[in-house]
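Values below: all heavy atoms of this structure, side chains included; hydrogens, waters and symmetry mates excluded. Along the sequence shown, the residues carry numbers beginning at 1.
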Amino acid sequence: MATTKEEDVQMMLVCKTHLGTRNVDYRMKRYVFRRTTDGIHIIHLGKTWEKLMVAARMIVAIENPNDIIVASQRPYGSRAVLKFSQYTGANPLAGRWTPGTL
């Protein structure tokens with residue numbers, strides 16, 4: 001039987017979250033597992049899972065979910081923001097916003 005971490009990593013593989021881009025910032029190099037022959041960087045899912053768990057512990061430590069603001073200006077990030085806010089009770093800021101409102 002697989003552990004929760006293994007199941008989550010398998011689910012991330014199915015969703016193709018490990019596929020990066022051809023360009024890598026120097027700050028992201030420690031999270032890159034390897035590079036394919038096409039030049040696509042493969043992200044280390046074990047490290048990704050660990051960072052997700054750190055973020056989850058930080059979010060759980062906040063007593064009032066209304067104190068959390070989830071923001072994304074990108075069009076493909078707005079759905080994730082709205083779903084996360086729906087399940088956690090956080091305040092969503094999807095799409096464009098006025099500077100100074102955060």
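Remark: W49 pairs with D8 by the side-chain hydrogen bond (donor to acceptor under 3.5 Å, both in side chains) rule, at least two apart or across chains. Every residue was checked against the ring pair (Phe, Tyr, Trp, His ring centres under 6.0 Å) condition with F84, not counting sequence neighbours, and none meets it.
One N or O on the side chain of H41 and one on the backbone of T21 form a donor-acceptor pair closer than 3.5 Å.
Placement of I59 and V70 within a single hydrophobic cluster is found when ILVMFWY residues are connected by side-chain heavy-atom separations under 4.5 Å, directly or transitively. Note on V9 and M53: same hydrophobic cluster, where clusters join Ile, Leu, Val, Met, Phe, Trp and Tyr whose side-chain heavy atoms are under 4.5 Å apart, directly or indirectly. In terms of hydrophobic clustering, with Ile, Leu, Val, Met, Phe, Trp and Tyr side chains grouped at heavy-atom distances under 4.5 Å, L13 and M11 are assigned to different clusters.
When all heavy atoms of S78 and S72 are compared, the closest pair comes out as N-OG, 4.2 Å. The two residues S85 and N91 make their nearest non-hydrogen contact at OG-C, 4.0 Å.
More than 12 heavy atoms of other residues, nucleotides or ligands lie within 6.0 Å of CE in M28, so this atom counts as buried by the packing criterion. Atom NZ of K47 has more than 12 heavy atoms from other residues, nucleotides or ligands within 6.0 Å.
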For this session: Start with the C-alpha gap between I40 and R22, add the side-chain angles, then the distance that decides, and say whether side chain to side chain contact (heavy atoms under 4.5 Å, CB included) holds.
Result: CA-CA 5 Å; I40 303 293; R22 293 180 193 265; 3.9 Å; yes

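Here salt bridge (Lys or Arg N to Asp or Glu O under 4.0 Å) pairs that include residues 27-45, with residues two or more places apart or in two chains, are D25-R27.
Annotation: side chain of Q73 is in contact with side chain of W97 (closest heavy-atom distance under 4.5 Å). Inter-residue side-chain proximity for I68 and T88 is flagged as unmet; no heavy-atom pair is nearer than 4.5 Å. Within the 4.5 Å cutoff, the side chain of V81 has no heavy atoms near those of the L93 side chain.
Rounded to the nearest 0.5 Å, atoms CZ (R57) and CG (L52) are 11.0 Å apart. Interatomic distance, H44 NE2 to K51 NZ, rounded to the nearest 0.5 Å: 13.0 Å.
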